[in-house]
Amino acid sequence: MKKSISVSVFCLSIAFGLQAQTEPEKTPLTGKSSSASAKKPQTNPPRVQTGSTKTGDASAKPSDNSNAKPIDPSNMDPSVKAADDFFLYANGGWIKRTEIPPEYSRWGSFNQLIEHNNDVLHAIAEKAAKTKADPKTAPEMQKVGDYYASGMDEKTIEAMRTKPLQDELGKIDAMKDRQDVLKEIAHLHTIGVNAFFNFGSGQDDKDSTREIAQAAQGGLGMPDRDYYTKNDQASKKLRDAYVAHVTRMLALLGESAEKAGTDAKKILALETSLAQASRTRVELRDPQKNYNKMTQTDLQTLTPDWNWGDYFKEIGLTVPGDIDVHQPDFFKAVNTAFTSTSMDDWKTYLRWHLINGAASTLSSDFVNEDFNFREKTLRGTQQIKPRWKRVILSEDGEIGEALGKLYAAEYFPPEAKARALELINNLKEALADRIKTLEWMDEPTKKAALEKLAAFQVKIGYPEKWRDYSTLMIDRGPFVLNELRAENFEAKRELNKIGKPVDRTEWGMTPPTVNAYYNPKMNEIVFPAGILQPPFFYANADDAVNYGGIGAVIGHEMTHGFDDQGRQYDKVGNLTDWWSPQSAEKFKKRSNAIVQQYSEYEPLPGLHVNGELTQGENIADVGGVKLAYAALQKALDKHPEERDKKIDGFTPEQRFFLAFAGIWRSKIRDEEQKLRLNTDPHSPGHFRVNGPLSDLPEFQKAFNVPDGAPMVRAADKRVNIW
């Protein structure tokens, strides 16, 4: 299920499936897409995608990664010249011998580490489930163990089917008028079902010290509004598949095949009206346009046919205060849908969204149908993950800080945190040096930029203050009820923040997460314990490897503070213009060059990277690797004896770029690639290597690449921002 409204953070990758269709601002650090090649600006790359269902070699199996070799020559392809295609040069050997496991739509460095962490979390959950923990003295152990045990109780889950949801389904069936409809929408929002629109809490963009109510577009069953509005044959085919999927799900709920088919078409029609009123993902990238603070009276004017007072009462929000309405035009438009939709159609729509959100926790007929559309049709995944893995993913999503507390206590040593902090400080120093010497930024803007950098809050490993789950009941009863209660706990926790000071100790990711993020409203960079291990971070490796891996990750997140979106927030996280007009104009000229460069890339025939959608992540990728390289040079200056030292025949600079390419090592199915080109704010992994490196003279020098080679962009086309 989905939480109410996504946090506005900029991350390294999309690591865990589909994002909410309305708030692409939450952009995890790895673009889970890859396998497209980039030449100078080559637009028809060699095809290295695969749809194979074979598990492949040992690299496709989770294992202990503590002794992994930082730079493994067997992963390289010597038949490819570094000057022609560095992604394939660095990763081609791995690509040739590796098949995407059938339970994945993409496979790469991130996934391999996620699998390793899943095994660790599996052991933790199994141990907790076998331990008779006292909820008063060992609350995390009790909740983690009981949640896992309920999810693994397949016999009970199969026998009960939808019985645990009968009360919820009964509330929908009992609706008599539109006032009841609004109350039911409100109730569903409190259990993680974002029907019709999204509502939650968040920092006030222009007063980052306070939490305020937030309302945003939503209510779709497919990943993005474009799936409803595009009229090409592929989109029409997907809509037909969606209607067939909804039909089967409604039939599983007990409807006749004929009625289910008719109802599915009505659901598509209602969701299409919501999609047509929604902003595109590119439009959602403008924080100024998405900031529309208004009173409850002003909000009521947008939707004269439903009473926000009834909605607020139902969700338990007694004093809503001002509300940030992200897309006012959406609410104006859907007011019509609210009144024109019949009661029977409302019941069908809400019943569908309830079952759509809960499907993964129900009996196998629902689970399999949900998988067939959401994973197989949309992403090309061939095989469902084993139950234990699905339960672990659910647990990390619902009570992740309880699970994460057990994980961090056992698997995150203090020395890892200390080494990471050292790298971060070195990267901050490199960025400060870069800002001071920028030829295109004037002095007043430089001063403000340096103040923002100095104010960066850094979080490493796990929270200092753990979430208190004491009021959340988790037991060994029906799995779906544990998830619903966890969603309700989180909804109440979020709504309770409204009108209060922001808690700057809070984290937006769980400790085992293989990812990282920058939050502009907090002006913070956050690195969970899950990513601070190979292949991103090696405790005993040479500096070149760590700066090319986790150093580039750190630099990526830091650069987000100064990308096209992040640069609009000041040092305390307020959305305000701290740039001089001259410096802003020069920035936009350079960022437009990024858009143009990446828009030329063509991962699949006829399908290009969306340079506007991926702009911020591309800026962060280019800036991140430049900063990490500069920090490596500082480290080598302190240890000059390392500068001429070769390992496996490679200089430190060469190992730096090989390590950087290695973190984006991946393969992807065509279906997944298509989905990500529509929805992912990150470029495919192949371009996340070749794109930035083709802009860097440092890379050209390290591998002695001649001018005019595919991996060297012409000087007048090189991107040079940070």
Side-chain angles (χ1 to χ4, degrees), residues 8-10 24-25 27 31 41 205-206 279-292 326 431-432 434-453 518-521 523 555-571 573-601 608-627 680-683 687-688 691-692 694-697 713-722:
S8 178
V9 299
F10 309 112
E25 297 165 347
T27 50
D205 263 21
K206 296 190 177 180
R279 290 180 184 169
T280 67
R281 286 184 178 249
V282 171
E283 291 170 333
L284 289 170
R285 286 183 49 76
D286 188 335
Q288 294 285 357
K289 287 184 180 178
N290 287 318
Y291 183 76
N292 303 282
H326 291 207
L431 180 51
R434 176 64 180 148
I435 291 171
K436 291 173 186 176
T437 58
L438 284 175
E439 71 284 356
W440 56 267
M441 182 180 277
D442 60 28
E443 289 304 318
T445 311
K446 283 182 182 180
K447 182 175 182 292
L450 289 168
E451 289 175 352
K452 179 173 182 177
L453 175 61
Y518 170 76
N519 185 343
K521 298 180 187 181
N523 195 28
H556 174 103
E557 300 308 338
M558 286 184 177
T559 306
H560 268 313
F562 304 94
D563 70 11
D564 65 303
Q565 289 179 288
R567 77 173 191 87
Q568 298 183 59
Y569 294 83
D570 66 13
K571 64 182 180 180
N574 288 328
L575 183 60
T576 184
D577 190 359
W578 50 271
W579 290 64
S580 71
Q582 296 82 2
S583 291
E585 183 179 348
K586 291 177 180 179
F587 175 91
K588 288 176 183 176
K589 181 179 179 181
R590 285 161 172 76
S591 63
N592 285 338
I594 282 266
V595 173
Q596 182 177 345
Q597 174 182 342
Y598 282 82
S599 295
E600 294 169 346
Y601 298 144
H608 287 252
V609 173
N610 186 332
E612 289 283 358
L613 177 62
T614 59
Q615 179 182 172
E617 296 298 332
N618 297 333
I619 292 172
D621 281 343
V622 177
V625 69
K626 282 181 71 79
L627 294 175
D680 192 348
H682 308 79
S683 295
F687 300 119
R688 297 189 77 170
S694 68
D695 287 316
L696 267 62
R713 287 178 67 80
D716 62 342
K717 290 188 176 181
R718 286 183 181 175
V719 172
N720 185 23
I721 304 180
W722 303 109

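Excluded from the calculations below are hydrogen atoms, water molecules and symmetry mates; all remaining heavy atoms, backbone and side chain alike, are included. When a residue number appears, it is its place in the shown sequence, counting from 1.
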Please lay out, stage by stage, how Q597 and R713 fare under the test side-chain contact (heavy atoms from CB on, under 4.5 Å). CA-CA 10 Å; Q597 174 182 342; R713 287 178 67 80; 3.5 Å; yes
How many angstroms lie between [atom1] in [X] and [atom2] in [Y], if you round to the nearest 0.5 Å?
| X | Y | atom1 | atom2 | result |
| --- | --- | --- | --- | --- |
| Q288 | D577 | CD | CG | 8.0 Å |
| S694 | K717 | OG | NZ | 11.0 Å |
| Y569 | K206 | OH | NZ | 9.5 Å |

Do the non-hydrogen side-chain atoms of [X] and [Y] ever get within less than 4.5 Å of each other?
| X | Y | answer |
| --- | --- | --- |
| P697 | R718 | yes |
| R279 | H326 | no |
| R285 | D564 | yes |
| Q568 | W578 | no |
| N523 | Y518 | yes |
| F587 | R567 | yes |
| E612 | R281 | no |
| E617 | R688 | yes |

Evaluation steps, side-chain contact (heavy atoms from CB on, under 4.5 Å), between V719 and R590: CA-CA 7 Å; V719 172; R590 285 161 172 76; 5.7 Å; no
For [X], does the [atom1] atom have more than 12 heavy-atom neighbours from other residues, nucleotides or ligands under 6.0 Å away?
| X | atom1 | value |
| --- | --- | --- |
| K446 | NZ | yes |
| E451 | CD | yes |
| E283 | CD | yes |

What closest approach, in Å, do [X] and [Y] show between heavy atoms, and which atom pair accounts for it?
| X | Y | value |
| --- | --- | --- |
| S591 | I619 | CB-CD1, 4.0 Å |
| G691 | Y601 | CA-OH, 3.6 Å |
| S583 | T445 | OG-OG1, 3.5 Å |
| L627 | R434 | CD2-CB, 4.3 Å |
| N290 | L284 | ND2-O, 2.8 Å |
| D563 | G566 | OD1-N, 2.5 Å |

Within the side chain of H556, is there an N or O that forms a donor-acceptor pair under 3.5 Å with the backbone of G624?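 No, because the side chain of H556 does not come within donor-acceptor range (under 3.5 Å) of the backbone of G624.
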Checking the side chain of N574 only, and the main-chain atoms of T576 only, is there a donor and an acceptor separated by less than 3.5 Å? no
Do T614 and N618 pair up side chain to side chain, a donor and an acceptor below 3.5 Å, judged on atom types alone? yes
Taking the six-membered ring for Trp, are W440 and W579 parallel (under 30°), tilted (30 to 60°) or perpendicular (over 60°)? parallel
Identify which one of T559, L696, D695 satisfies the side chain to side chain contact (heavy atoms under 4.5 Å, CB included) criterion when paired with V625. L696
List the steps and the verdict of side-chain contact (heavy atoms from CB on, under 4.5 Å) for E439 and N720. CA-CA 10 Å; E439 71 284 356; N720 185 23; 3.7 Å; yes
K452 charged N/C atom sitting above F562 aromatic ring, 6.0 Å / 45°: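 Yes, a cation-pi geometry holds between K452 and F562.
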